[in-house]
Every structure is written in C-alpha cells, then in structure tokens.
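Start at 1 and go down the list; that is how both ligands and their atoms are numbered.
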Amino acid sequence: MLNRTILKTLPAGVSAPGYDPATIRTGIVHFGVGNFFRAHEAFYVDRCLALAGQQDWGIAGVGLTAGARSERKASQFTEQDCLYSLTEAAPDGARAVRVIGALHAYLLAPADPTAVLDLLADPAVRIVSMTITEGGYNIDETTGAFRLDNAAVRADLAGDALPTTIFGFVVEALARRRAAGSGPFTVLSCDNLRHNGDVARTAFLGFAQARDPDLAAWIEAHVTFPNGMVDRITPSVDDAIARTLNAASGLDDALPLVAEDFTQWVVEDRFCAGRPALEQAGVQFVADVTGYEHVKVRMLNASHILLAFPGILLGYRQVDEALRDRDMARFVNAYLELDVIPRLDAPAGLDPQDYRRSILRRFSNPAMADQLLRIGGDGSSKIQVFWTETVRRVLSDGGDLRRIAFGIAAYLEALRGVDETGEHYAPAEPTLDAAQLELADAEDLRAALALPAFDGWRDVRSVALTDAIVAAREAIRAIGVRAALTECGGLPG
Ligand code: CS2
C-alpha cells in the first residue's frame with residue numbers, strides 16, 4: 001500500500017515528493033478534495049513544499065458530505081497518509097508519475113465538525129481554498145445574491161448546532177479568529193466560475209451579513225477573495241482505470257489520479273495572510289484575471305459541454321471519441337469560431353485562435369479517456385456559467401442562434417437519460433429535483449425552458465431563441481442528432 005513508509009523505495013520511474021511529508025505543517029485548508037484539486041492546487045503546492053522555507057504550507061483537506069462513500073474515501077486517505085499518485089499523460093503517449101504529499105491531513109466534517117472549526121481557527125492556517133463546483137456557491141443566478149432560503153444555510157444561520165455548510169464553517173471560524181485577534185485568512189475559490197473570488201465573496205459575505213452585520217463588515221475589511229482561472233483536465237477514475245494506472249506505475253494506490261500534462265493557474269495576488277511561493281511553481285500572478293477567465297470558461301468549458309450533450313446522445317462516452325467524429329468537430333469548431341471568438345474579451349497576448357487549437361488538441365488526448373457523462377454532469381449549473389455570456393451577446397447583436405439553440409436542445413434531450421442507440425444512462429443533475437427532471441419529458445417542448453439552466457438570459461425573453469430551441473428538439477427527434485447538428489453550419493478545424 002502507498003504510504004510514507006514506502007517513499008524511499010518507490011518503483012522506478014515514480015517521483016517522490018521533494019521533501020519529507022511527515023514534517024510539513026498545515027497552512028492551507030481545502031474544502032472539496034476531488035480529483036481536480038488533487039491534480040491542480042495540490043500539485044502546485046507540492047512543488048512549493050520542495051523549496052527552501054516553504055514547509056508551512058501543507059494542506060489539510062475537508063470533506064463536507066456524510067455517507068458511506070465519503071467515509072470510505074476518508075479512511076483511504078488516512079491509511080495512505082493522504083499520499084496519492086498523479087500520472088501526467090501527454091497527447092503523444094508520454095507519461096510521468098509522481099507521488100503528491102502536499103495533502104497531509106483529511107477531516108470529514110460531518111464526523112467531527114469541532115475538529116474542522118478548531119483547525120480553521122488556528123492562526124497557522126492562512127488560506128482556505130475550495131473546489132465546491134460551479135453550483136456550490138448557493139447564488140441565485142437571476143438576482144446574483146446569496147440564497148438564504150436554502151435549508152442547510154438556514155439551519156447554519158440559526159446556529160443551534162455545529163455548522164454543516166462551508167459557509168457556516170468558514171464564517172464561524174472567521175468570527176473566532178476575529179474574537180481571538182488571530183487575523184483573517186484568504187478565501188481562495190478554485191472553481192470554474194467567472195470571477196470565482198467575487199462569487200465566493202458574495203456567498204460568504206451574504207451568509208455573514210445574515211448572521212451578524214458587524215462580522216460581515218470585519219470580513220469585508222480584512223479577508224481577501226482573489227479571482228483565479230484554473231485549468232487542468234482531470235477525468236474521473238473508476239476501478240478499472242485505477243487498476244491500469246497502478247499496473248503502469250507499479251504502485252498499490254487506492255486513490256490514483258490521471259490528468260493531462262497541461263496545467264494552468266492564473267491568480268490575482270491578493271492574499272491577506274501570505275501565500276506559498278506559487279510563482280516559483282508555475283502559477284501566473286496577474287493584477288486582473290478577468291480576461292483569462294472569460295477565455296477559459298467561454299471557450300474550453302463551454303465547448304466541453306457543447307461536445308458532451310450531443311456526443312452522449314450519439315452514443316459516445318469519451319471526449320476524444322466524440323471529437324474524432326468529423327461532424328461533431330466541425331460543429332464545435334463553428335461554435336468557437338463564429339459564436340464565441342468574435343465576442344470574446346481576450347487578455348493582451350492571448351491569441352484566441354491559438355487557444356482554440358490548443359483546447360481541441362487537449363480534448364483529443366486519448367490518454368485522458370475523459371468521460372462525457374462527467375463533463376455533461378450538473379449541466380444545469382454549468383450552462384449558467386459557461387454559456388450565459390455568449391448567449392447574451394449573440395442575442396444582443398442579432399447573431400446566428402442555431403448552434404446555441406442546438407446545444408440547449410441537446411442538453412434537454414440528453415436529460416431524458418437515453419441515447420440514440422437506445423442505451424440508458426443516469427444524467428447527474430445534483431441541483432434538480434424529480435419534478436424539474438421530468439420537464440425534459442413534457443409533451444410541451446417549451447416547458448423545460450423553465451429550468452434554472454436558462455436563468456442567466458431569462459430577462460431577455462427572446463422568442464426567436466425559444467422557437468429555435470423547440471425547432472432543434474423537434475429536429476433531433478425527427479431526423480436524429482447528426483442530421484440536426486450538420487444543419488447548424490460546421491467549420492473544419
Ligand atoms: C469540464 C472541466 O466538467 C467540466 O465542465 O469542462 O472539468 C474541465 O475539464 C476543467 O475545467 C479543465 O480545466
């Protein structure tokens with residue numbers, strides 16, 4: 001089994017951490033220890049920990065979900081001293097395997113909320129980071145405000161018991177630090193959101209305001225919420241993939257990971273209580289991250305889901321497979337070239353055409369075997385974040401609505417859980433209830449347009465878009481996904 005005792009005898013070709021994981025101290029607490037965090041933030045921090053004087057930046061992970069799966073994950077982390085292997089796979093087949101030691105403690109909040117609060121209140125903790133998904137910030141997309149009607153948030157605000165939400169934990173910890181005079185920590189969002197720091201700020205301040213306006217004012221004055229653009233494709237790992245990874249590395253790792261060799265993190269340098277020397281680990285610090293976020297979210301994430309919904313309906317299950325389909329490639333390329341790029345605010349020095357070519361190359365990496373169902377999962381939140389801006393811009397300049405309408409139609413058809421080959425699958429929509437999911441099956445094809453995925457442009461009330469979506473759904477049903485897709489105008493890549 002992978003753990004600290006075998007670090008000196010790792011199989012050939014597997015790199016060990018460049019420091020002793022037993023001696024690092026916690027400076028960062030991370031909520032949401034998923035694969036992306038493990039391949040991205042933990043990877044960068046791991047590089048920092050190997051530098052002189054950086055050993056105070058170890059990461060303690062916190063899981064917020066209760067249940068058997070979370071408990072199993074927590075015990076796997078503990079058994080392995082939180083170590084895991086990361087295989088970086090290049091499109092040409094080259095691979096590098098390293099053991100990451102940056103995550104050195106893991107707490108399951110439902111099992112021991114007191115320990116989580118004590119940790120967050122410890123002045124040694126100077127950054128609280130998170131990957132809690134696009135929909136995890138509990139923001140009402142129409143008003144832009146933090147939702148106080150959420151049951152778990154209401155319970156945390158009532159304060160009768162220990163917190164269960166990230167908002168409850170972080171704000172209570174900040175209250176304790178304020179009372180103890182131990183100073184703030186930086187709140188660092190690592191989710192794929194436009195202005196993820198601003199969104200986090202709205203969420204945590206919204207919660208704090210409802211709890212105690214004085215505390216909210218203190219947080220506003222002292223806590224920083226840097227915006228950041230994060231990027232690294234990190235597929236889910238099932239048992240079969242885990243076995244293949246272990247067979248290749250020679251490790252016995254219960255939590256192996258694979259990610260593409262590409263990685264990027266562009267962050268605003270606003271850390272109120274210090275930060276690791278991330279600039280020496282490949283992180284780019286910029287004054288304003290907005291342009292980078294726009295490009296990433298509107299191009300990469302947006303075309304990822306645009307590939308996922310029709311791809312799933314066509315019977316594909318992997319991104320590289322879907323992109324090898326010429327009709328799909330032409331469609332996604334047309335969306336990027338004609339719908340997104342002309343309306344993009346790219347930062348100086350970033351060529352959208354180079355970026356387009358690079359994401360298509362990255363998507364075709366066969367070593368990723370990246371799952372379309374993972375990408376298309378939580379489409380409800382992702383559409384709001386990844387498509388809204390482009391939809392609004394195309395609507396406002398009277399552009400061609402076909403590809404956007406087709407993408408939305410494919411999302412709604414894919415929600416029905418059966419593809420064109422007759423295969424059933426379970427669409428993962430954690431924020432939708434059963435009644436909302438049933439809207440995708442309603443006889444009236446307009447009914448599903450009430451779903452929250454489309455809240456971001458509801459105020460525009462475009463009849464033309466509604467009609468185009470309904471027409472695209474009808475076309476998908478009548479002539480099939482491929483024929484409907486090619487009618488949208490494709491462009492060779
Ligand atoms: C994907 C992302 O799930 C998704 O929506 O687009 O997970 C994507 O792989 C990452 O953002 C890449 O950085």
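Here is the list of ligand 1 atoms found below 4.0 Å of a heavy atom in H304: 1 (C), 6 (O), 8 (C), 9 (O). Residue K382 has at least one heavy-atom neighbour below 4.0 Å for each of these atoms of ligand 1: 3 (O), 4 (C), 5 (O). Near R374, the atoms of ligand 1 lying under 4.0 angstrom from a non-hydrogen atom of the residue are 3 (O), 7 (O), 9 (O). Set against the non-hydrogen atoms of R232, the atoms of ligand 1 under 4.0 Å away are 12 (C), 13 (O). Distances below 4.0 Å separate heavy atoms of D231 from the following atoms of ligand 1: 12 (C), 13 (O).
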All N/O donor-acceptor pairs, side-chain side in residues 486-493, below 3.5 Å, sequence neighbours left out:
| unit_1 | atom_1 | unit_2 | atom_2 | d |
| --- | --- | --- | --- | --- |
| T486 | OG1 | R482 | O | 3.0 |
| T486 | OG1 | A483 | O | 3.0 |

Side-chain donor-acceptor pairs of residues 236-244 under 3.5 Å, sequence neighbours excluded:
| unit_1 | atom_1 | unit_2 | atom_2 | d |
| --- | --- | --- | --- | --- |
| D238 | OD1 | A240 | N | 3.2 |
| D238 | OD1 | I241 | N | 2.8 |
| T244 | OG1 | A240 | O | 2.9 |

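In this structure, K296 counts as a contact residue of ligand 1, since one of its heavy atoms falls inside 4.0 Å of the ligand.
A salt bridge between D455 and R458 is present, with a side-chain N of the basic residue lying under 4.0 Å from a carboxylate O of the acidic one.
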Please walk me through it: do L188 and V128 pass side chain to side chain contact (heavy atoms under 4.5 Å, CB included)?
CA-CA 6 Å; L188 182 62; V128 173; over 6 Å; no
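Geometric assessment of R126 against the ring of F185 yields a negative cation-pi assignment under the 6.0 Å and 45° thresholds.
Close N/O approach between R362 and ligand 1 is not found [any backbone or side-chain N/O within under 3.5 Å].
Here the closest non-hydrogen pair linking T164 and A152 is OG1-CB, 4.3 Å.
Nearest protein heavy-atom neighbour of atom 2 (C) of ligand 1: N301 ND2, 3.5 Å.
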